[in-house]
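To keep things clear, I will list the structure first and then write my remarks on it.
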Number of protein chains: 2
Amino acid sequence: MRLVVAECSARYSGRLTAHLPLATRLLVVKADGSVLLHSDGGSYKPLNWMSPPCTMSVGEPDDEARSRGVVEVWTVQHRKSDDRLEIELHATHHDSAHDLGVDPGLIKDGVEAHLQEMLAAQIELLGDGHTLVRREYMTAIGPVDILAKDGEGGSVAVEIKRRGDIDGVEQLTRYLELMNRDPLLAPVRGVFAAQEIKPQARVLATDRGISCLVLDYDAMRGVDDVDSRLF
Amino acid sequence: MRLVVAECSARYSGRLTAHLPLATRLLVVKADGSVLLHSDGGSYKPLNWMSPPCTMSVGEPDDEARSRGVVEVWTVQHRKSDDRLEIELHATHHDSAHDLGVDPGLIKDGVEAHLQEMLAAQIELLGDGHTLVRREYMTAIGPVDILAKDGEGGSVAVEIKRRGDIDGVEQLTRYLELMNRDPLLAPVRGVFAAQEIKPQARVLATDRGISCLVLDYDAMRGVDDVDSRLF
DNA sequence: CGTTTCATGTCGACT
DNA sequence: AGTCGACGTGAAACG
């Protein structure tokens, strides 16, 4: 990985045409040839970039460019499309190269998955008499996290989220709509379960006759641990 | 902007929970406190990050962490949510800070470029006797959209926007300031041309002696088509 | 400020 | 390789 801090201007053409006026920026050249052009603010998205696979070539400025103070011209060309990024470098303030090696990558900890496991194991949290039918109950539009039956034999569909937002309620609503068309299942009641339920989501859920269940992760894990110790 | 290349591991919790195993990575701390964690490959998206507004605090590792080789602990906390990024730094290979200043940002040439072409072809829209000098007239701070001469031989710098906002007037003002320092060009008059000019922008432009020109895209394209048919 | 739509979306899973 | 859907989507335009 090469890091350069330099005054530069850039021109991108490909899916759109754009340019960056002269300013001081961070240029990152990754091992796979990809290039990022970052400013000192904004988000994680670069001002401009070229994704791999691509090839970078360093060239000399022509006379016109040199008269504008350009010292070096980088041309980054995508290998599979005609996307092209041209960077004109003026003064360079920093330039260093580093060997980073291969990255193991991000590992997403499935808190949601864990909550699902634990709620399946502690299904009585839904209410007395509830029994588990199955986890990841498949429907035409995707798997419902948990399908259960209540004490009276009615079906209960549970959607689990770490953070209970409106989107989750919408998702559960779609499932319920579909499942209630199935005479073998209907009527299906909905339960929206999450570690934290946003007020708006609670209002929407309640309005649609969906119950809300706040899950206490630590308490549930405690119960889980006790259960494990019994074996 | 601070650049650090270090062996590190990280843990993010917020909209999801995830972690990064120990590896050598680039850490970027931007002026607004945001943090990016990049590997030497992939795309422009960091492995992990924290968007502004957020606060970074540097701490000492506890005994357990120190025994694992942790030298420093960075805690990046989002100001408006409970999103949190914790980075454990082991060996540091590089550490440098740079003052980048404010970035003018990316300029997308979409409809704008087309308007520029058409105005260059119909330069008399600026007024009788006007002639085109060149498009994309290069200056130290970026290209002026159109440089023209009026009937009396005076220079005219034209800034073209799809939507004429205050930013565009500011940009043209910077160009004019620079160009009027060049004795070969001065005095340079400014014209702010756009499909639609916001009232505020018009007031500011007028106040600075910059003329406003509303461009009728469809009418201009009509003329363009007629021109094409002549050939 | 909330809401909706766009993106050089990116990214992964599956056909 | 092409398609589809989720994303820590983010970002800009709009009311």
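For the numbers below, each heavy atom of this structure counts, side chains included, while hydrogens, waters and symmetry mates do not. So you know, we letter chains A, B, ... as the sequences are listed, proteins then strands, and number each from 1.
- A salt bridge does not link Arg202(A) with Glu196(A): none of the charged nitrogens is closer than 4.0 Å to a carboxylate oxygen.
- Between Arg135(A) and Asp145(A), no side-chain nitrogen of the basic residue sits less than 4.0 Å from a carboxylate oxygen of the acidic one, so the salt-bridge criterion is not met.
- Here the C1' atom of nucleotide dT10(C) and the NZ atom of Lys30(A) are 13 Å apart, to the nearest Å.
- Contact of the Thr92(B) side chain with the Val4(B) side chain is registered, since non-hydrogen atoms from C-beta on lie closer than 4.5 Å.
- Both Leu106(B) and Gln200(A) sit near DNA chain C, but only Gln200(A) has its closest nucleotide nearer the 5' end.
- The separation between Glu170(A) atom CD and dT3(C) atom P is 12 Å, rounded to whole Å.
- If you measure from atom CE of Met50(B) to atom P of dT9(D), you get 13 Å, rounded to the nearest angstrom.
- Note that OH of Tyr137(A) is 12.5 Å distant from OH of Tyr175(A), once rounded to the nearest 0.5 Å.
- Residue-environment remark: CG (Asp99(A)) stays at or below the threshold of 12 foreign heavy atoms within 6.0 Å.
- DNA chain C lies under 4.0 Å from at least one heavy atom of each of the following residues of residues 35-44 of chain B: Ser43(B), Tyr44(B).
- Glu88(A) has a carboxylate O that lies under 4.0 Å from a charged side-chain N of Arg68(A), or vice versa, which qualifies the two as a salt bridge.
- We find that CG of Asp167(A) is positioned 15 Å from C1' of dG2(C), with the value rounded to whole Å.
- Counting to the nearest Å, the P atom of dA6(D) and the CZ atom of Arg174(A) are 7 Å from each other.
- Between the C1' atoms of dC14(D) and dT8(C), the separation comes to 24 Å (whole Å).
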Using residues 27-35 of chain B as the side-chain source, report each donor-acceptor pair under 3.5 Å to any protein atom, sequence neighbours left out, with the distance given to one decimal.
{"unit_1": "Lys30(B)", "atom_1": "NZ", "unit_2": "His38(A)", "atom_2": "ND1", "d": "3.1"}
{"unit_1": "Lys30(B)", "atom_1": "NZ", "unit_2": "Ser39(A)", "atom_2": "O", "d": "3.1"}
{"unit_1": "Lys30(B)", "atom_1": "NZ", "unit_2": "Gly41(A)", "atom_2": "O", "d": "2.9"}
{"unit_1": "Lys30(B)", "atom_1": "NZ", "unit_2": "Ser43(A)", "atom_2": "O", "d": "3.2"}
{"unit_1": "Asp32(B)", "atom_1": "OD1", "unit_2": "Ser34(B)", "atom_2": "N", "d": "3.1"}
{"unit_1": "Asp32(B)", "atom_1": "OD1", "unit_2": "Ser34(B)", "atom_2": "OG", "d": "2.6"}
{"unit_1": "Asp32(B)", "atom_1": "OD2", "unit_2": "Gly42(A)", "atom_2": "N", "d": "3.3"}

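- Classification of Asp83(B) and Arg163(A) as a salt-bridged pair holds, one side-chain N sitting under 4.0 Å from a carboxylate O.
- Across all strands, Ile166(A) comes closer than 4.0 Å to no nucleic acid atom at all (heavy-atom distances).
- In this structure, Trp49(B) atom CH2 and dA11(D) atom P are separated by 10 Å, rounded to whole Å.
- For dA1(D), one of the phosphate oxygens OP1 or OP2 lies less than 4.0 angstrom from a side-chain nitrogen or oxygen of Lys80(A).
- Under the 4.0 Å criterion applied to side-chain N and carboxylate O atoms, Glu136(A) and Arg134(A) are not assigned as salt-bridge partners.
- Between Asp83(A) atom CG and dA7(C) atom P there is a gap of 15 Å when expressed in whole angstrom units.
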Set out, line by line, the N/O atom pairs under 3.5 Å between protein and nucleotides 12-15 of chain D.
{"unit_1": "dC14(D)", "atom_1": "OP2", "unit_2": "Arg163(B)", "atom_2": "NH1", "d": "3.1"}

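- In this structure, Lys108(A) atom NZ and dT10(C) atom C1' are separated by 11 Å, rounded to whole Å.
- Under 4.0 angstrom from either OP1 or OP2 of dG9(C) there lies at least one side-chain N or O belonging to Arg15(A).
- Close to dA11(D), at under 4.0 Å from its OP1 or OP2, lies no side-chain N or O of Lys45(A).
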